[in-house]
Amino acid sequence: MTTLLGRVPAWHRPMMWTAGLMAGMTVVSLAGLALDDRVLLGAPIWLKPLKFAISIAVYCVTWAWLLTLLRRGQRLAAGVSTAIAVIVVVEYAIIVLQVVRGRASHFNAATAFDAALFAIMGVSIAALWTGTLVLTILLLRTEIADPAARWAIRLGAVVSLAGIGLGALMVGPTEEQSRSLRDGTFEGLIGAHSVGVADGGPGMPLTGWSTTGGDLRIPHFVGMHALQVLPLFALLLTVLARRFARLESGLVRARLVAVAGFGYAGVVALVTWQALRGQPLIRPDAWTSLALAGLVVAVAAGASWALAASRDRVEAGVS
């Protein structure tokens, strides 16, 4: 896995430039949190630019590395990646513009200008997903010698793509918004990330995820970052293999990564189901808790199956 990290200077430059820009905007956003006491929808107004800057930087650095693994379609991938870099910069610029104006960037259709900005963001998000789909297909066709790395990257890319797509659940009007559009009491917002409660209510520290209702940002966030979590897990297994004999087998590590990948996908499905039922992440009901317990048991059983490969090889005299 460590050999796949490649040489940083060879990583896709537009993606890395965008990541650098987002690193700078992270500092600006932190300064905004310290110096600007404005609040929008119950959260400090510079919190959204901070979260988006960090997320975009991580996304760009990850794909800048993954592009070095491609053996086919490199020119297409480079072009698509450059387009994605432009897209995320445009989207982020709109977020910052609306912060400066003291206006909501997402779901805002209060004025023609606000609606136009959100429409641009909607198109950019669709283009981002499409570009990521192209890169994911190219990545799935790439041969990676190490089986654990192969499973980590492929499963991470697929789950991440699904996570980005889950953002579409927030775009449609809520029942209350649809009713307001019909009876003429429209207040300017179309779409929401909260389910069962209004956006802007009590939220968790840092993330702002709702503590009183469902929050569709959770599956969106958890899903899209599978592309970082699973490769890091594979890397961790490679490091631990130097100390634990059972992990020396590439088959064992590949099986563990596969179990982790399917378990991670199960978590994304679970938090999506929980959010759609208007349930806070920190207050699961009995059905959610039961489903989580089942998932934990399944992952534990899968891990035991994976580690059994090491015992089988020992008994067979292979290792």
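Computed over heavy atoms, backbone and side chain alike; hydrogens, waters and symmetry mates excluded. We number each residue from 1, following the sequence as shown.
- Note that the CD1 atom of I94 and the CG atom of N108 stand 12.0 Å from one another [nearest 0.5 Å].
- Y59 and T132 share a donor-acceptor pair across their side chains, judged by distance under 3.5 Å alone.
- In this structure, S29 and Y92 approach most closely via the heavy-atom pair OG-OH, 3.4 Å.
- By the rule that hydrophobic residues join a cluster once side-chain heavy atoms approach within less than 4.5 Å of another member, W65 and V229 end up as members of one cluster.
- Contact of the V195 side chain with the D215 side chain is not registered, since no non-hydrogen atoms from C-beta on lie closer than 4.5 Å.
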Requested in this report: Test side chain to side chain contact (heavy atoms under 4.5 Å, CB included) on L166 and L216 and set out the steps.
Outcome: CA-CA 8 Å; L166 287 172; L216 294 168; over 6 Å; no
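- Here the CG-CG distance, from L227 to L161, works out to 10.0 Å after rounding to the nearest 0.5 Å.
- Every residue meeting the ring pair (Phe, Tyr, Trp, His ring centres under 6.0 Å) condition with F221, not counting sequence neighbours, appears here in chain and number order: W209, H225.
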Query raised in the report: After noting the C-alpha distance and the side-chain angles of S105 and K48, does the key distance pass the side chain to side chain contact (heavy atoms under 4.5 Å, CB included) rule?
Result: CA-CA 9 Å; S105 54; K48 179 175 287 187; 3.7 Å; yes
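- With D114 contributing its side chain and A110 its backbone, the two residues share no donor-acceptor pair below 3.5 Å.
- For the atom pair NE2 of H193 and CG of D199, the computed distance is 3.5 Å after rounding to the nearest 0.5 Å.
- In this structure the side chain of M121 reaches within 4.5 angstrom of the side chain of I95, judged on heavy atoms.
- Heavy atoms only, all atoms of each residue included: A265 and V159 are closest at CB-CG2, 4.1 Å.
- Using modelled atom types, no side-chain atom of R141 and backbone atom of R72 make a donor-acceptor pair closer than 3.5 Å.
- Under the 3.5 Å distance criterion, the side-chain polar atoms of R103 are left unmatched by any main-chain donor or acceptor of Q98.
- Taking CG of L281 as the reference point, atom CD1 of I218 lies at 4.5 Å (rounded to 0.5 Å).
- Hydrophobic cluster membership is shared by V86 and L76, with clusters built from Ile, Leu, Val, Met, Phe, Trp and Tyr side chains linked at under 4.5 angstrom.
- Summarising the geometry, atom CG belonging to L189 is positioned 9.5 Å from atom CZ belonging to F118; distances are rounded to the nearest 0.5 Å.
- Between I84 and W63, the closest side-chain pair of non-hydrogen atoms is not below 4.5 Å.
- In this structure, R253 contributes its side chain and T238 its backbone to no donor-acceptor pair below 3.5 Å.
- V27 and L50 fall into different hydrophobic clusters, where Ile, Leu, Val, Met, Phe, Trp and Tyr residues are linked whenever their side-chain heavy atoms come under 4.5 Å apart, directly or through other members.
- Of all the heavy atoms in G163 and H220, the pair that sits closest is O-ND1, 2.9 Å.
- Side chain of S55 to main chain of K51: no donor-acceptor pair is present (N/O by atom type, distance under 3.5 Å, no hydrogens or angles).
- Atom CG of L117 and atom CG of L97 lie 6.0 Å apart (nearest 0.5 Å).
- For the pair L67 and L135, the minimum side-chain heavy-atom distance is below 4.5 Å.
- Between the T62 side chain and the Q228 main chain, no donor and acceptor come within less than 3.5 Å of each other.
- Shown here for G263 and L295, the closest heavy-atom pair between the two residues is O-CD2, 3.9 Å.
- Using a 4.5 Å heavy-atom threshold, the side chains of L66 and H12 count as separate.
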Query raised in the report: M25 and V28: side chain to side chain contact (heavy atoms under 4.5 Å, CB included), yes or no, with the steps?
Result: CA-CA 5 Å; M25 289 308 302; V28 172; 4.0 Å; yes
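- I120 and I87 end up in the same hydrophobic cluster when Ile, Leu, Val, Met, Phe, Trp and Tyr side chains are linked at under 4.5 Å.
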Query - Derivation and outcome, side chain to side chain contact (heavy atoms under 4.5 Å, CB included), residues L236 and L232 - result: CA-CA 6 Å; L236 175 63; L232 285 174; over 6 Å; no
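- Closest approach of A43 to L47, counting heavy atoms only: CB-CD2, 4.4 Å.
- Side chains of W273 and L276 form no contact here, defined as non-hydrogen atoms less than 4.5 Å apart.
- Minimum interatomic distance between V197 and S210 (heavy atoms only, all atoms of both residues): CG2-OG, 3.9 Å.
- Environment of CG in L206: sparse, with no more than 12 heavy atoms of neighbouring residues, nucleotides or ligands closer than 6.0 Å.
- For residues 282-299, the set of pairs meeting the side-chain hydrogen bond (donor to acceptor under 3.5 Å, both in side chains) definition, not counting sequence neighbours, comprises R277-D285, R277-T288, Q279-D285, Q279-T288, D285-T288.
- Annotation: side chain of W11 is in contact with side chain of V61 (closest heavy-atom distance under 4.5 Å).
- Counting non-hydrogen atoms of neighbouring residues, nucleotides and ligands closer than 6.0 angstrom, the CD atom of E176 reaches no more than 12 such neighbours.
- With sequence neighbours left out, the side chain to side chain contact (heavy atoms under 4.5 Å, CB included) criterion links V99 to R38, I45, W46, P49.
- Linking Ile, Leu, Val, Met, Phe, Trp and Tyr residues whenever their side-chain heavy atoms come within less than 4.5 Å places V222 and W129 in a single cluster.
- Side-chain contact check for L70 versus L139: some heavy-atom pair is nearer than 4.5 Å.
- Using modelled atom types, one side-chain atom of T142 and one backbone atom of L138 make a donor-acceptor pair closer than 3.5 Å.
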